[in-house]
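Chain identifiers are assigned alphabetically (A, B, ...) following the order of the sequence lines, protein sequences preceding nucleic acid strands; residue numbering begins at 1 within each chain. No experiment lies behind these values; they were computed from the predicted model shown.
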2 protein chains.
Amino acid sequence: MKTKYKTIYDDTKTKILDGTYLPGNQLPDEIAVCEQYNCSRMTVKKAYDMLVQEGYIYRKQGLGSFVLAKSMDQGEVELQERELQGFTRTAKGHADTKLLHFRLIFAPKDIADHLGIRENDPLYDILRVRNIDGQPYVLEHTYMSPETIPGITEDILTHSVYTYIEEVLGKKIASAQKTTRAQVSNSQDQKELGLRPEEPVLEVEQIAYLDNGTPFEYSISRHRYDKFKLSVYSVRR
Amino acid sequence: MKTKYKTIYDDTKTKILDGTYLPGNQLPDEIAVCEQYNCSRMTVKKAYDMLVQEGYIYRKQGLGSFVLAKSMDQGEVELQERELQGFTRTAKGHADTKLLHFRLIFAPKDIADHLGIRENDPLYDILRVRNIDGQPYVLEHTYMSPETIPGITEDILTHSVYTYIEEVLGKKIASAQKTTRAQVSNSQDQKELGLRPEEPVLEVEQIAYLDNGTPFEYSISRHRYDKFKLSVYSVRR
DNA sequence: AAGTGGTCTAGACCACCAG
DNA sequence: TGGTGGTCTAGACCACTTC
């Protein structure tokens, strides 16, 4: 059974996206929505507040709730990642993966610290190139502990590790911390991503967590500079 | 008067940051906090949920609330920007600004669209270099409408525009949409930021909003690749 | 069974903004 | 003054986890 706040959230978001509510339009006030959905104000507030966090609407005490002018261009690049208090990845074409290596190594101290394991514990060391429509766009170096994520195979790595974790292992991926910077490309980047020496990469360092708080993945992704962008919406409070 | 949920949020966050609660520790359950602060469960939940969004804790139904192992390194670079559903900028040294130009122009169509004004309306066109401890780290190209933000002067631009907007104009900055990518540096970047031709920049495109939904600033910032990183924590839901 | 968080109610009072 | 959202209550019932 879907929750009431999720129903109101989904319905309202749909109406914003399909143009039923246009930028600048005032949304129905909380009381009106209460009556429509037969619920209490707190429930409406929760739904509307989620839309505020994601940049769809803004609200002002004494005035009302309004659709925000969404104005950043989308879609010049092949892969767009949007952090809207959730994970959304939009690839435009057909994706596939080339596995460069898949090894077991002794965990170095820094990575062991990130993953909450001991130095020299066994560690999966995975290097992959991701392609969209046959064109490489990111070189992904991934480390996972076999204790946390057992049973990784080449087949899983060329498809979706996340699907394996959630559907086969039955664990839930809950959150991720990412840090982004620009970097000069090295010879491996240039070879695998087809870059010229003066062309840079966008590096994303990530630690991903399960819903029990365990960090299960540490990764460094080096993206082609012209095929990836990261979007963030942040609300002050 | 500070709200109750903010008090609980601040107190708990402080205890996490100062080590009173260590990574992995269980936090007091909602009922216990209710009794301590003489409040209802909803109030505690609001405070704890904010800490979840910001990556300080995780919660699990049936189990409890726990401090998350925060594991991403901070502090190798001069400027760190962290989006924790709020704006946090951490500069390590003394900051100052060099104004390269400050003009009025006719708004080009694309920028006019971002700012919700008409093409050819007057527009401030501002180009600045920001230094920390005398070293340049970012070239900031900023556009604002004089209709929304009147009275900009050179003096304001070399100090804080945000302070001027909030304290002199009495308007509230509410949110911002940012998109980040890596770019090859151009000759202006190289000259102003002291980069060699093969060194890239991290470009951040931003639209910032007032609390009445008006977009008041469109900017493109080009950061030295080795002096800036952007961190994001995202929770799935 | 006991303990935890997740959702939800049906109100209350207050702060803010418009006319 | 009327309408809006912000905070808060004092419960309720349910879902999930561990024992």
Figure out the [atom1]/[atom2] separation between [X] and [N], and round it to whole Å.
{"X": "B:M1", "N": "C:dC14", "atom1": "CE", "atom2": "C1'", "result": "13 Å"}
{"X": "B:K45", "N": "C:dG6", "atom1": "NZ", "atom2": "P", "result": "4 Å"}
{"X": "A:Y37", "N": "C:dC8", "atom1": "OH", "atom2": "C1'", "result": "17 Å"}

Please tell me which of the listed nucleotides, [options], lies nearest to the side chain of [X]?
{"X": "B:M42", "options": "C:dC8, C:dT4, C:dG6", "answer": "C:dC8"}
{"X": "B:K60", "options": "D:dA12, D:dA15, D:dT17", "answer": "D:dT17"}
{"X": "B:E30", "options": "C:dG6, C:dA15, C:dT9", "answer": "C:dG6"}

According to a strict under-4.0 Å criterion, is [X] in side-chain N/O contact with OP1 or OP2 of [N]?
{"X": "B:Y48", "N": "C:dG5", "value": "no"}
{"X": "B:T3", "N": "D:dG6", "value": "no"}
{"X": "B:T43", "N": "D:dT7", "value": "no"}
{"X": "B:K4", "N": "D:dT7", "value": "no"}

Walking DNA chain C from its 5' end, the first of A:L63 and A:K46 to be reached, judged by nearest nucleotide, is A:K46

Using a 3.5 Å distance criterion without hydrogens, assess whether the side chain of A:E166 forms a donor-acceptor pair with backbone atoms of A:I173. yes

Side-chain donor-acceptor pair present, A:E217, A:Q206, cut-off under 3.5 Å: yes

Ring centroid separation for A:F228 and A:Y137, is it under 6.0 angstrom? no

